[in-house]
Protein chains: 2
Amino acid sequence: MNDLDLGALIKVHRKEAGLTQLELANLAGIGKTTVFDIEKNKETVRWSNLLAVLEVLNIKVEFKSPLPK
Amino acid sequence: MNDLDLGALIKVHRKEAGLTQLELANLAGIGKTTVFDIEKNKETVRWSNLLAVLEVLNIKVEFKSPLPK
DNA sequence: CATTTTTTACCGTTTAAGCAGTAAATGTAA
DNA sequence: TTACATTTACTGCTTAAACGGTAAAAAATG
């Protein structure tokens with residue numbers, strides 16, 4: 001209902017960077033299991049862990065609101 | 001280094017919606033403590049809890065990558 | 001084909017997020 | 001000012017996320 005598949009987006013970028021799940025986990029400073037969970041769209045992961053992965057893969061996060069600044 | 005203050009963004013939108021932290025927590029189906037933590041930029045909160053708050057406040061999340069689709 | 005790598009999956013253990021309750025501090029309104 | 005509402009802060013408990021280890025599928029490589 002949100003965007004289509006954040007897990008898939010991350011996976012594509014990981015592959016593009018030539019990284020395995022384990023390598024990405026080490027670079028992000030998190031466990032391999034968590035990387036696996038994130039790519040499987042498990043949403044109960046920590047925001048900080050998701051952020052760490054996104055940073056390694058150079059994916060920016062933007063929050064769009066209907067409110068003017 | 002990311003965006004400036006997601007907590008503040010959420011707080012502004014919460015106020016705009018005329019909600020207290022407790023009301024927002026109930027609407028999002030999470031605890032009041034977590035709403036407080038989120039507005040204080042605690043990044044170890046669950047991604048699902050952050051999503052729930054954003055959804056109530058009608059704030060969209062976008063992931064921007066340098067990769068073409 | 002066989003071999004290696006990677007992914008998926010499950011299992012204990014540890015750790016801390018989540019939570020309600022409470023209370024104090026801050027803010028707001030009468 | 002007083003009274004009420006809200007936020008901030010702390011406490012203890014419960015629960016599950018995070019984790020490494022292991023192993024079995026699945027993919028990739030020779």
Side-chain angles (χ1 to χ4, degrees):
Chain A
M1 215 147 280
N2 220 358
D3 45 75
L4 34 79
D5 216 343
L6 172 60
L9 177 71
I10 288 174
K11 186 168 189 172
V12 166
H13 281 73
R14 175 174 61 79
K15 293 286 191 182
E16 188 72 17
L19 298 172
T20 65
Q21 290 180 341
L22 181 57
E23 289 170 333
L24 176 55
N26 290 336
L27 286 173
I30 66 177
K32 63 176 174 42
T33 307
T34 304
V35 170
F36 171 73
D37 288 340
I38 288 176
E39 292 193 354
K40 281 287 177 184
N41 289 309
K42 183 181 170 194
E43 292 186 339
T44 51
V45 293
R46 285 187 199 145
W47 174 227
S48 58
N49 284 346
L50 188 53
L51 275 179
V53 166
L54 293 174
E55 184 148 345
V56 169
L57 297 179
N58 201 27
I59 300 174
K60 308 287 184 198
V61 187
E62 284 187 13
F63 300 96
K64 307 273 228 179
S65 71
L67 246 59
K69 170 168 165 273
Chain B
M1 212 147 271
N2 219 0
D3 46 74
L4 35 79
D5 216 343
L6 172 60
L9 178 72
I10 288 175
K11 186 168 188 172
V12 166
H13 282 74
R14 175 174 62 78
K15 293 286 191 182
E16 188 72 14
L19 298 173
T20 66
Q21 290 181 341
L22 182 57
E23 288 170 333
L24 175 55
N26 290 336
L27 286 173
I30 67 178
K32 62 175 173 45
T33 307
T34 303
V35 170
F36 172 73
D37 288 340
I38 288 176
E39 292 193 354
K40 282 286 176 185
N41 289 309
K42 184 181 169 194
E43 292 186 339
T44 50
V45 293
R46 282 188 202 147
W47 173 228
S48 57
N49 285 345
L50 187 53
L51 275 179
V53 167
L54 293 175
E55 184 147 347
V56 169
L57 298 178
N58 200 28
I59 300 175
K60 307 289 184 196
V61 187
E62 285 187 12
F63 300 96
K64 305 273 226 178
S65 71
L67 247 60
K69 172 162 165 279

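Any value given below was found using the heavy atoms of this structure, including those in side chains, with hydrogens, waters and symmetry copies removed. Here is the naming used below: chain letters follow the sequence lines, and residue numbers restart at 1 for every chain. On a predicted model such as this, the values are computed, not experimentally measured, just so you know.
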Leu51(B) CG to dA17(C) P: how many Å, rounded? 18 Å
Interatomic distance, CD@Glu62(B) vs CD@Glu62(A), rounded to 0.5 Å, equals 6.0 Å
Among Leu54(A), Leu24(A), Leu57(A), which residue satisfies the side chain to side chain contact (heavy atoms under 4.5 Å, CB included) criterion with His13(A)? Leu57(A)
Atom CH2 of Trp47(B) and atom C1' of dA17(C) are separated, to the nearest Å, by 17 Å
Reported NZ-to-CD distance for the pair Lys11(B) and Glu16(B), which is rounded to 0.5 angstrom: 14.5 Å
Looking only at non-hydrogen atoms, find the nearest pair between Leu19(B) and Arg14(B) and report the distance. O-NH1, 2.9 Å
Taken to the nearest whole Å, CD/Glu43(B) to P/dA16(C) is 17 Å
Going 5' to 3' along DNA chain D, between which two nucleotides do contacts with chain B fall, using a heavy-atom cut-off of 4.0 Å? dT6(D) to dA17(D)
Using five base pairs at each end, measure the axis-to-axis angle across the helix from dC1(C)-dG30(D) to dA30(C)-dT1(D) and round it to 10 degrees. 60°
Would you say Arg14(A) places a side-chain N or O within less than 4.0 Å of OP1 or OP2 belonging to dT7(C)? yes
As an exercise, state the distance from NZ of Lys42(A) to CG of Leu50(A), rounded to the nearest 0.5 Å. 12.5 Å
Kindly compute the distance separating CG (Asn49(B)) from CD (Glu43(A)), expressed to the nearest 0.5 Å. 10.5 Å
Under the side chain to side chain donor-acceptor pair (under 3.5 Å) test, residues paired with Asn41(A) that sit two or more places apart: Asp5(A)
Find which nucleotide of DNA chain C each of Lys40(A) and Thr34(B) is nearest to by heavy atoms, and output the residue with the more 5' nucleotide. Lys40(A)
Quick check: do Trp47(A) and Thr44(B) have side-chain heavy atoms less than 4.5 Å from each other? no
Using a strict heavy-atom distance below 4.0 Å, which residues from residues 17-24 of chain A are in contact with DNA chain C? Thr20(A), Gln21(A)
Check nucleotides 21-28 of chain C against the protein and report each pair of N or O atoms closer than 3.5 Å, with its distance, or say if there are none.
{"residue": "dG21(C)", "atom": "N7", "partner": "Lys32(B)", "partner atom": "NZ", "Å": "3.3"}
{"residue": "dG21(C)", "atom": "O6", "partner": "Lys32(B)", "partner atom": "NZ", "Å": "3.0"}

Indicate yes or no: at least one non-hydrogen side-chain atom of Val61(A) is less than 4.5 angstrom from one of Leu6(B). no
Looking across every strand, which nucleic acid part, if any, lies under 4.0 Å from Asp37(B) by heavy atom: base, sugar-phosphate, or nothing? nothing
Enter the distance from Asn26(B):CG to Gln21(B):CD here, rounded to the nearest 0.5 Å. 12.0 Å
Check: Val53(A) and Val56(A) side chains under 4.5 Å, non-hydrogen atoms: no
For residues 27-38 of chain B, which side-chain donor-acceptor pairs fall under 3.5 Å, sequence neighbours excluded?
none

To the nearest Å, give me how far apart CD1 (Ile38(B)) and P (dG18(C)) are. 8 Å
